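For reference, the structure is listed below as structure tokens.
Fair warning: this is a prediction, and the values are worked out from it, not measured in the lab. Throughout, residue positions are numbered sequentially from 1 according to the sequence presented.
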Amino acid sequence: MSQTLSRQVYSGQSHPLGATPDDEGVNFALFSANATKVVLCLFDEQGEQEIEQIILPEFSDDIWHGYVPGIKKGALYGYRVHGPFEPHNGHRFNQNKLLIDPYAKQLKGEFIWSDTHLAYDPQSSQQDLTLDCRDNANYLPKCVVKSNAILASCHKPKIRLSESIIYEIQVKGFTQQNVTLPVELRGTFKGLAQNTVVDYLLDLGITSVELMPVAAYFDEPFLLEKGLKNYWGYNSVAFFAPEPRFCYSDDLTEFSDLVQAFHQAGIEVILDVVYNHTAEGDHLGPTYSFKGIDNASYYRLEDNDCRYYKNHSGCGNTLNL
């Protein structure tokens, strides 16, 4: 890993948030009101080696940003964010931890549970009050620089609520054992978009499908310890990236193709979203993204001690919406 000295980095723009490519490079923008420095980390094509670090040069309206020439679509990246580690004041910055961009459009690589995802030393008697200096990059998926997926022009069904017949679908559960689908497409957006599936739904007489969470999510450590997975998807970590396990390839249009296939058949698409909490849990939970970017801004914290989270969601934390 080396920090760039020769690459020219420009101020860029504070919006849109995330990584926005053009023909010459990429604009990076990350919100953090309380950070002292934001470092963009670039990885090799496999996402295994951190090959470059670039400090975002500008800070405007609580957004760190910079334009980096020469970076192309498909590049893999993450962030390391510097700032105070003061849990009692709500700050959990730890520059040793690689973080996922909340506005990432795609994730690449397998999520592997490791206690290096904890920003604190799990062996310390002080629990989450002692900084952990280990790197977690080998166990975290990397963000992918992508253009916005464009949904092809198609008439969107307009179903009156009083006439709606909604079929709730979990992408994998609905397709995994469907013998009419090629084996390789089962459990994927592409499989769900096949004509045999659409025809079946039409034969049922439904007007709408409600997809259970399709945004990227991680399995909870307590499930993994039991040899289990989070099947339903209510443990979001990147709200703008499709769940990799539902993708047949790395083509982002697979999901938009699915929506178009339903729309062309006159079927409305409803998304079940999880915007009240994230996969980062409570004060003893892992740091994947929001916690390490700006914990005090992203989460609702207890008034008398900002070390602890208001847990209105029942999942350890509550996003500050």
Side-chain angles (χ1 to χ4, degrees), residues 1 30-39 41 48 50 53 78-102 109-142 216-230 234-238 274 276-320:
M1 178 178 64
L30 182 76
F31 164 85
S32 181
N34 294 293
T36 58
K37 182 168 68 173
V38 171
V39 180
C41 304
E48 297 174 353
E50 189 172 345
Q53 290 190 343
Y79 288 108
R80 298 185 189 275
V81 181
H82 295 241
F85 184 78
E86 301 170 353
H88 286 300
N89 293 322
H91 302 310
R92 295 180 177 270
F93 295 100
N94 186 338
Q95 65 268 26
N96 300 291
K97 307 301 177 181
L98 186 73
L99 304 171
I100 290 173
D101 181 356
E110 181 184 3
F111 165 70
I112 302 172
W113 168 248
S114 164
D115 65 7
T116 60
H117 291 307
L118 302 174
Y120 62 91
D121 180 1
Q123 305 302 321
S124 171
S125 59
Q126 292 186 305
Q127 295 185 314
D128 60 313
L129 301 181
T130 303
L131 190 74
D132 183 82
C133 296
R134 296 173 297 166
D135 189 357
N136 67 325
N138 289 338
Y139 309 104
L140 195 72
K142 309 307 183 290
Y217 63 91
F218 287 169
D219 302 307
E220 295 92 329
F222 75 89
L223 288 177
L224 294 173
E225 290 170 0
K226 298 177 180 179
L228 302 174
K229 298 281 189 178
N230 183 315
Y234 293 92
N235 204 40
S236 300
V237 72
V274 191
N276 61 340
H277 73 277
T278 76
E280 294 187 304
D282 61 12
H283 65 292
L284 298 180
T287 294
Y288 301 132
S289 179
F290 309 92
K291 251 184 195 178
I293 293 172
D294 194 348
N295 185 70
S297 292
Y298 271 116
Y299 291 112
R300 300 192 66 184
L301 307 175
E302 292 291 357
D303 299 328
N304 58 339
D305 188 347
C306 291
R307 174 186 180 186
Y308 301 107
Y309 296 80
K310 292 184 177 180
N311 186 20
H312 301 312
S313 67
C315 296
N317 62 60
T318 303
L319 278 168
N320 182 7

Side-chain donor/acceptor of Lys291 to backbone N/O of Phe93, under 3.5 Å
no

N/O donor-acceptor pair under 3.5 Å between Asp294 side chain and Ala33 backbone:
yes

Is any side-chain heavy atom of Asn136 less than 4.5 Å from a side-chain heavy atom of Ser114?
no

Residue pair His312, Asn276: steps toward the side-chain contact (heavy atoms from CB on, under 4.5 Å) verdict:
CA-CA 8 Å; His312 301 312; Asn276 61 340; over 6 Å; no

For Ala279 and Pro286, work out which heavy atoms get closest and say how close.
O-CG, 3.9 Å

Any side-chain to backbone donor/acceptor pair from His82 onto Val39? Under 3.5 Å, distance only.
no

Can you tell me how far apart OG1 (Thr318) and NZ (Lys310) are? Round to the nearest 0.5 Å.
9.0 Å

CD (Glu280) and CD1 (Ile100) are apart, to the nearest 0.5 Å, by 9.0 Å

Within the 4.5 Å heavy-atom criterion, are Ser297 and Phe31 side-chain neighbours or not?
yes

Applying the side chain to side chain donor-acceptor pair (under 3.5 Å) test to Tyr309, which of Asp282, Asn295, Asn317 qualifies?
Asn295

Are His88 and Asp305 close enough that a side-chain donor and a side-chain acceptor fall under 3.5 Å?
yes

Should Leu224 and Lys229 be marked as a side-chain contact (heavy atoms from CB on, under 4.5 Å) after you check the CA-CA gap, both sets of side-chain angles, and the distance that decides it?
CA-CA 6 Å; Leu224 294 173; Lys229 298 281 189 178; 4.3 Å; yes

Is any side-chain heavy atom of Val38 less than 4.5 Å from a side-chain heavy atom of Tyr79?
yes

Main-chain N/O of Arg307 paired with Arg92 side-chain donor or acceptor, under 3.5 Å:
yes

Is there a side-chain contact between Asn94 and Thr287, using heavy atoms and a 4.5 Å cut-off?
no

Could you work out, with ring-ring contact (aromatic ring centres under 6.0 Å, His included) as the rule, every residue matching Tyr288, not counting sequence neighbours?
Phe111, His117, Phe218

Non-hydrogen atoms of Arg300 and Asn320 that approach each other most closely:
CG-CA, 3.6 Å

Can you tell me if Tyr234 has over 12 outside heavy atoms packed within less than 6.0 Å of its OH?
yes

Say you draw a straight line from SG of Cys315 to CD of Glu220; how long is it, rounded to the nearest 0.5 Å?
7.5 Å

Is the shortest heavy-atom distance from the side chain of Ser124 to the side chain of Leu129 under 4.5 Å?
no

Does the side chain of Val81 come within less than 4.5 Å of Leu30's, by heavy atoms?
yes

Are Asp219 and Trp113 packed together at the side-chain level, in the sense that at least one heavy-atom pair is separated by less than 4.5 angstrom?
no

Leu98 CG to Arg80 CZ distance, which is reported to the nearest 0.5 Å:
5.0 Å

A side-chain contact here means heavy atoms from C-beta on lying under 4.5 Å apart; do Glu302 and His283 qualify?
no

I need the minimum non-hydrogen distance between Tyr298 and Pro102, along with the two atoms involved.
OH-CG, 3.8 Å

So how far is it from Cys306 SG to His91 NE2, rounded to the nearest 0.5 Å?
8.0 Å

Measure the CD-NZ distance between Glu50 and Lys142 for me, rounded to the nearest 0.5 Å.
9.0 Å

The test is side-chain contact (heavy atoms from CB on, under 4.5 Å); show your working for Asp132 and Leu118 and say whether it passes.
CA-CA 7 Å; Asp132 183 82; Leu118 302 174; 5.8 Å; no

Between Tyr299 and Thr278, does any side-chain donor sit less than 3.5 Å from a side-chain acceptor?
yes

